[in-house]
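Step one of this worksheet: look at the structure below.
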Amino acid sequence: MPNRDTLFSAPINKLGDWTFDAQVAEVFPDMIQRSVPGYSNIISMIGMLTERFAQPNSTIYDLGCSLGAATLSMRRHIQVDHCHIIAVDNSSAMVERCRRHIDSFRAETPVQVIEADIRDIDIKNASMVVLNFTLQFLEPDDRQLLLNKICRGMLPGGVLVLSEKFNFADQQIGELLFDMHHDFKRANGYSELEISQKRSMLENVMRTDTVETHKARLHQAGFIHSELWFQCFNFGSLIAIKDGVVR
Ligand SMILES: C[S@@+](CC[C@H](N)C(=O)[O-])C[C@H]1O[C@@H](n2cnc3c(N)ncnc32)[C@H](O)[C@@H]1O
Ligand SMILES: O=C(O)C(=O)C[C@]1(C(=O)O)C=C[C@@H](O)C=C1
């Protein structure tokens, strides 16, 4: 059983900005499962997409890998030879635990876990890139540059999976889906205090975009095709393909 997230259950005097520190890393599997509607479905489906998109002699990237859930799902589903996975996170607490977690399972495909800022790494020879709830933590001005770099480093027929929390141009829909997400958190045992303290800590750090903004960015980066393939309330996931080869 993962450690239960009770980090924000007592009142905190001075709420700082959100960070992915050791305390968060320690409870992360429970936190993300109870906070992100559809998270485990997305992780499983990333595995299914890997079966279809992983190419022999290519690299697969998991950007903002946290404890490596998407990496492990991809690794279980690779069916071609000579693929390797590069998992990247800039939180040392996450990287340390991710390495241990991945090493505790045996598999053929090599995984390199790198502690780095995803804005600074090279992307090359990629058949699949995953940004699973990571882009939303980058400064909005840096998001396009990262997507441009990913698209440049992608092989023909490569796929990007981009999962995010969304906001909505239609205010009524936005409020409804926001409230449904809060209902989801309450149903998963979070109190009003936990929900509101976490929300204020995330406020300056996690700025969300609309699905339309994501699609426009992906197109600008050079991904000819993109579509939302999963959505639950204000959370969802897009796929983007660079060229016309749909596998
Ligand atoms: C919500 S978590 C991602 C969850 C993970 N992808 C999964 O599927 O379980 C966001 C992660 O992105 C990392 N992150 C945020 N900004 C980053 C950056 N600029 N470079 C590298 N990692 C970053 C955080 O440290 C955190 O571990
Ligand atoms: O929006 C919220 O309330 C969240 O908890 C979202 C979110 C995310 O989307 O990454 C924020 C931080 C944690 O990593 C887990 C979930």
Side-chain angles (χ1 to χ4, degrees), residues 2 5 7-8 17-47 60-75 85-98 101-102 113-121 123 129-143 145-146 149-150 161-167 177-186 188 190-192 194-209 230 232-237:
D5 167 24
L7 294 181
F8 311 109
D17 276 346
W18 179 263
T19 55
F20 289 95
D21 58 13
Q23 278 192 317
V24 168
E26 210 49 54
V27 299
F28 192 70
D30 179 68
M31 170 186 283
I32 195 143
Q33 183 69 35
R34 289 164 64 215
S35 302
V36 175
Y39 174 75
S40 48
N41 282 322
I42 293 174
I43 292 292
S44 309
M45 300 309 153
I46 284 175
I60 292 178
Y61 291 85
D62 181 3
L63 304 180
C65 59
S66 297
L67 302 180
T71 289
L72 286 171
S73 179
M74 293 193 284
R75 189 170 69 167
I85 302 179
I86 297 182
V88 185
D89 206 289
N90 65 353
S91 152
S92 56
M94 288 291 190
V95 165
E96 187 194 309
R97 286 165 183 78
C98 183
H101 188 46
I102 284 170
V113 185
I114 300 176
E115 184 179 335
D117 192 306
I118 55 176
R119 291 167 293 193
D120 299 334
I121 61 154
I123 306 278
V129 177
V130 168
L131 278 166
N132 206 36
F133 303 105
T134 302
L135 194 70
Q136 60 199 16
F137 290 104
L138 253 53
E139 285 295 326
D141 284 351
D142 293 343
R143 296 177 187 180
L145 292 173
L146 177 69
K149 175 172 80 173
I150 292 172
V161 180
L162 172 62
S163 312
E164 292 272 291
K165 184 178 186 179
F166 300 127
N167 63 44
L177 298 182
F178 179 90
D179 289 348
M180 295 298 291
H181 175 229
H182 280 196
D183 291 347
F184 171 86
K185 284 193 160 186
R186 269 182 228 113
N188 284 330
Y190 283 120
S191 66
E192 296 305 325
E194 284 175 295
I195 295 171
S196 76
Q197 292 196 130
K198 190 176 182 195
R199 189 183 44 218
S200 2
M201 293 178 78
L202 282 167
E203 212 156 46
N204 296 324
V205 189
M206 191 176 94
R207 267 157 292 165
T208 55
D209 295 310
F230 181 88
C232 186
F233 308 138
N234 47 350
F235 287 78
S237 188

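Each ligand, and each atom within it, is numbered from 1 in the order the structure gives. FYI, the numbering just counts along the sequence from 1.
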Heavy atom of the protein closest to [atom] (residue, atom name, distance):
{"atom": "atom 8 (O) of ligand 1", "answer": "Asn132 ND2, 2.9 Å"}
{"atom": "atom 20 (N) of ligand 1", "answer": "Ile118 N, 3.0 Å"}
{"atom": "atom 25 (O) of ligand 1", "answer": "Asp89 OD1, 2.6 Å"}
{"atom": "atom 23 (C) of ligand 1", "answer": "Asn90 OD1, 3.2 Å"}
{"atom": "atom 2 (S) of ligand 1", "answer": "Ser66 OG, 3.2 Å"}
{"atom": "atom 1 (C) of ligand 1", "answer": "Phe133 O, 3.2 Å"}
{"atom": "atom 5 (C) of ligand 1", "answer": "Gly64 O, 3.5 Å"}
{"atom": "atom 9 (O) of ligand 1", "answer": "Tyr39 OH, 2.6 Å"}

Under 3.5 Å, side chain of [X] to main-chain N/O of [Y], donor-acceptor pair present?
{"X": "Thr134", "Y": "Leu63", "answer": "yes"}
{"X": "Asp89", "Y": "Ser66", "answer": "yes"}
{"X": "His181", "Y": "Val36", "answer": "no"}
{"X": "Lys149", "Y": "Arg119", "answer": "yes"}
{"X": "Ser73", "Y": "Gly47", "answer": "yes"}
{"X": "Asp5", "Y": "Leu7", "answer": "yes"}

- Message: Please work out, at 4.0 Å between heavy atoms, whether the side chain, the backbone, both, or neither of Leu67 comes within that distance of ligand 1.
- Response: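 Contact part for Leu67 vs ligand 1: neither.
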- Val130, portion touching ligand 1 at heavy-atom distance under 4.0 Å: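 Under 4.0 Å from ligand 1, Val130 contributes no heavy atoms.
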Working to the nearest 0.5 angstrom, can you tell me the gap between [X] [atom1] and [Y] [atom2]?
{"X": "Leu146", "Y": "Leu135", "atom1": "CG", "atom2": "CG", "result": "6.0 Å"}
{"X": "Glu164", "Y": "Met206", "atom1": "CD", "atom2": "CE", "result": "8.5 Å"}
{"X": "Lys185", "Y": "Ile195", "atom1": "NZ", "atom2": "CD1", "result": "6.5 Å"}
{"X": "Arg143", "Y": "Gln136", "atom1": "CZ", "atom2": "CD", "result": "7.5 Å"}

State the atoms of ligand 1, each with its element, that fall below the 4.0 Å cut-off from a heavy-atom position in [X].
{"X": "Ser91", "value": "25 (O)"}
{"X": "Ile43", "value": "8 (O)"}
{"X": "Leu138", "value": "19 (N)"}

- Message: Tell me whether Ile42 reaches ligand 1 (any heavy atom closer than 4.0 angstrom to a ligand atom).
- Response: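 Flag not set, Ile42 not near ligand 1.
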- Task: For Ala116 and ligand 1, answer yes if some heavy atom of the residue is under 4.0 Å from a ligand atom, otherwise no.
- Result: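 Contact present.
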- Message: Considering both backbone and side-chain atoms of Asp117, is one of its nitrogen or oxygen atoms within less than 3.5 Å of a nitrogen or oxygen in ligand 1?
- Response: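 Yes, since at least one N or O of Asp117 sits under 3.5 Å from an N or O of ligand 1.
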Measure from every N or O atom of ligand 2 to the protein's N or O atoms and keep only the pairs below 3.5 Å, writing each with atom names and distance to 0.1 Å.
residue	atom	partner	partner atom	Å
ligand 2	1 (O)	Lys165	NZ	2.5
ligand 2	3 (O)	Lys185	NZ	2.5
ligand 2	5 (O)	Lys185	NZ	3.2
ligand 2	5 (O)	Lys198	NZ	2.7
ligand 2	9 (O)	Gln136	NE2	3.0
ligand 2	10 (O)	Gln136	NE2	3.3

- Item | The single option from Leu162, Asp62, Leu138, Val161 passing side-chain contact (heavy atoms from CB on, under 4.5 Å) against Leu131 |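 Considering Leu162, Asp62, Leu138, Val161, a side-chain contact (heavy atoms from CB on, under 4.5 Å) with Leu131 is found only for Leu162.
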- Message: Does the plane of the ring in Phe178 sit parallel, tilted or perpendicular to the ring in His182? Use 30° and 60° as the thresholds.
- Response: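 Answer is tilted, since the angle falls between 30° and 60°.
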- For the residue pair Trp18 and Phe8, does the interplanar ring angle fall in the parallel (under 30°), tilted (30 to 60°) or perpendicular (over 60°) class?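 Because their plane-to-plane angle lies in the 30° to 60° range, the rings of Trp18 and Phe8 count as tilted.
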- Does Tyr39 have any ring-ring contact (aromatic ring centres under 6.0 Å, His included) partners at least two apart in sequence or in another chain, and if so, which?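 With neighbours one apart ignored, the set is empty.
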